[in-house]
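This report refers to the structure that appears directly beneath it.
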Amino acid sequence: QLHLVESGGDLVQPGGSLRLSCSASGGTFEYYTIAWFRQVPGREREGVSCISGSDGSIYYTKFAKGRFTISRDDAKNTMYLQMNNLKPEDTAIYYCAVGEDYTGSFSEPLYDYWGQGTQVTVSS
C-alpha cells in the first residue's frame with residue numbers, strides 16, 4: 001500500500017514557475033499509472049496530466065499542454081509536475097495519484113492512492 005505526499009505548492013506571480021513533487025512510501029509505483037489532478041473549491045476535481053503504466057504514454061489536458069511537464073523517477077519513488085507560465089486560473093489544490101491499472105486515464109476510479117494535496121496560488 002502506497003502513501004503519497006505532495007510538496008512544492010506556493011504563492012507565485014502570474015508568469016512564474018513551480019515544480020511540484022510527490023513522494024511515495026510503502027512500495028514502488030514502477031509500472032503503475034501516475035497522475036496529477038487539481039481542484040478549485042466549489043468545482044469538480046479535474047485531471048492535469050498522467051503517465052500510463054502500460055507503455056509510458058503521457059497525456060495532458062488542454063490547459064496544461066505546452067506549459068506543464070509531468071515526469072517520474074521510479075528509482076526515487078517520486079513524481080513531478082513542472083509548471084511554467086502560471087496563470088491566475090491555475091490557482092487550485094494539486095493532488096498526485098497512483099493507480100495499479102496500467103491504463104493512462106483521468107478516470108478517478110482507476111486511482112488507488114491519493115496525496116493530501118498542495119496549494120498553488122497564482123496572484124499579483
Side-chain angles (χ1 to χ4, degrees):
Q1 187 173 9
L2 296 179
H3 177 66
L4 306 178
V5 179
E6 302 97 336
S7 62
D10 206 349
L11 170 65
V12 298
Q13 294 184 333
S17 298
L18 283 175
R19 188 180 75 160
L20 306 183
S21 299
C22 175
S23 297
S25 60
T28 177
F29 56 60
E30 187 176 13
Y31 307 121
Y32 291 179
T33 294
I34 65 168
W36 289 93
F37 292 80
R38 71 184 189 185
Q39 186 171 25
V40 176
R43 294 169 54 182
E44 295 183 353
R45 187 158 55 192
E46 61 183 349
V48 177
S49 182
C50 67
I51 302 178
S52 170
S54 60
D55 61 3
S57 296
I58 298 176
Y59 303 92
Y60 295 96
T61 54
K62 184 178 180 180
F63 65 79
K65 191 172 184 178
R67 296 191 298 127
F68 296 179
T69 302
I70 189 172
S71 62
R72 65 194 297 170
D73 186 337
D74 292 332
K76 297 181 178 179
N77 279 335
T78 303
M79 67 176 77
Y80 306 93
L81 183 68
Q82 177 68 44
M83 304 186 294
N84 298 325
N85 192 25
L86 286 162
K87 304 175 181 180
E89 51 263 44
D90 294 319
T91 296
I93 300 173
Y94 284 72
Y95 299 87
C96 62
V98 175
E100 295 181 3
D101 194 300
Y102 288 179
T103 301
S105 172
F106 294 123
S107 178
E108 292 192 23
L110 297 178
Y111 292 91
D112 304 288
Y113 310 103
W114 294 81
Q116 83 291 342
T118 185
Q119 178 70 49
V120 172
T121 303
V122 185
S123 176
S124 299

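Quick note: numbers below take in every heavy atom, side chains included, and nothing from hydrogens, waters or symmetry partners.
Atom CD in Gln116 sits 4.5 Å away from atom CD in Glu6 (nearest 0.5 Å). One distance of note links CG of Leu18 with CG of Asn84; it measures 9.5 Å at 0.5 Å rounding. Going from atom CD1 of Ile34 over to atom CE of Met79 covers 4.5 Å, rounded to the nearest 0.5 Å. To the nearest 0.5 angstrom, Ile58 atom CD1 is 7.0 Å from Ile70 atom CD1. Taken from CZ in Phe37 to OG in Ser49, the straight-line distance is 10.0 Å, to the nearest 0.5 Å. To the nearest 0.5 angstrom, Phe106 atom CZ is 10.5 Å from Thr33 atom OG1.
Proximity of a side-chain donor or acceptor of Thr91 to a complementary backbone N or O of Glu89 within less than 3.5 Å is not detected. Judged by distance alone, with hydrogens and angles left aside, the side-chain atoms of Asn85 form no donor-acceptor pair with the main-chain N or O of Arg67 at under 3.5 Å. Within the 3.5 Å criterion, the main-chain N or O of Ser52 finds no donor-acceptor partner in the side chain of Ser57.
When every heavy atom of Tyr111 is checked against every heavy atom of Cys50, the shortest pair comes out as OH-CB, 3.8 Å. Among all heavy-atom pairs drawn from Thr69 and Tyr60, the shortest one is CA-OH, 3.3 Å. For Phe29 against Thr78, the heavy-atom pair with the smallest separation is CZ-N, 3.3 Å.
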Query raised in the report: Step by step, would you call Arg38 with Phe63 a side chain to side chain contact (heavy atoms under 4.5 Å, CB included)?
Result: CA-CA 12 Å; Arg38 71 184 189 185; Phe63 65 79; 3.1 Å; yes
Query raised in the report: Does the pair Trp36 and Ile51 meet the rule for a side chain to side chain contact (heavy atoms under 4.5 Å, CB included), with working shown?
Result: CA-CA 9 Å; Trp36 289 93; Ile51 302 178; over 6 Å; no
Query raised in the report: Between Tyr94 and Gln39, is a side chain to side chain contact (heavy atoms under 4.5 Å, CB included) present by the stated rule, with each step listed?
Result: CA-CA 7 Å; Tyr94 284 72; Gln39 186 171 25; over 6 Å; no
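Partner Leu20 forms a side chain to side chain contact (heavy atoms under 4.5 Å, CB included) with one of Thr118, Val48, Asp10 and no other, that one being Thr118.
Using a 4.5 Å heavy-atom cutoff, the side chains of Leu4 and Val98 are in contact. Within the 4.5 Å cutoff, the side chain of His3 has no heavy atoms near those of the Tyr113 side chain. Counting heavy atoms from C-beta on, the side chains of Gln13 and Ser124 never come closer than 4.5 Å. Considering only heavy atoms from C-beta on, Glu30 stays 4.5 Å or farther from Asn77 through its side chain.
Judged by a 6.0 Å distance limit and a 45° cone about the ring axis, Arg72 is not positioned over the six-membered ring of Tyr32.
Around the CD atom of Glu44, the shell of radius 6.0 Å holds no more than 12 heavy atoms that belong to other residues, nucleotides or ligands.
Both Leu81 and Leu2 are members of a single hydrophobic cluster when ILVMFWY side chains are connected at heavy-atom separations under 4.5 Å.
Using cut-offs of 30° and 60° for the angle between ring planes, the Tyr95 and Trp114 rings count as perpendicular.
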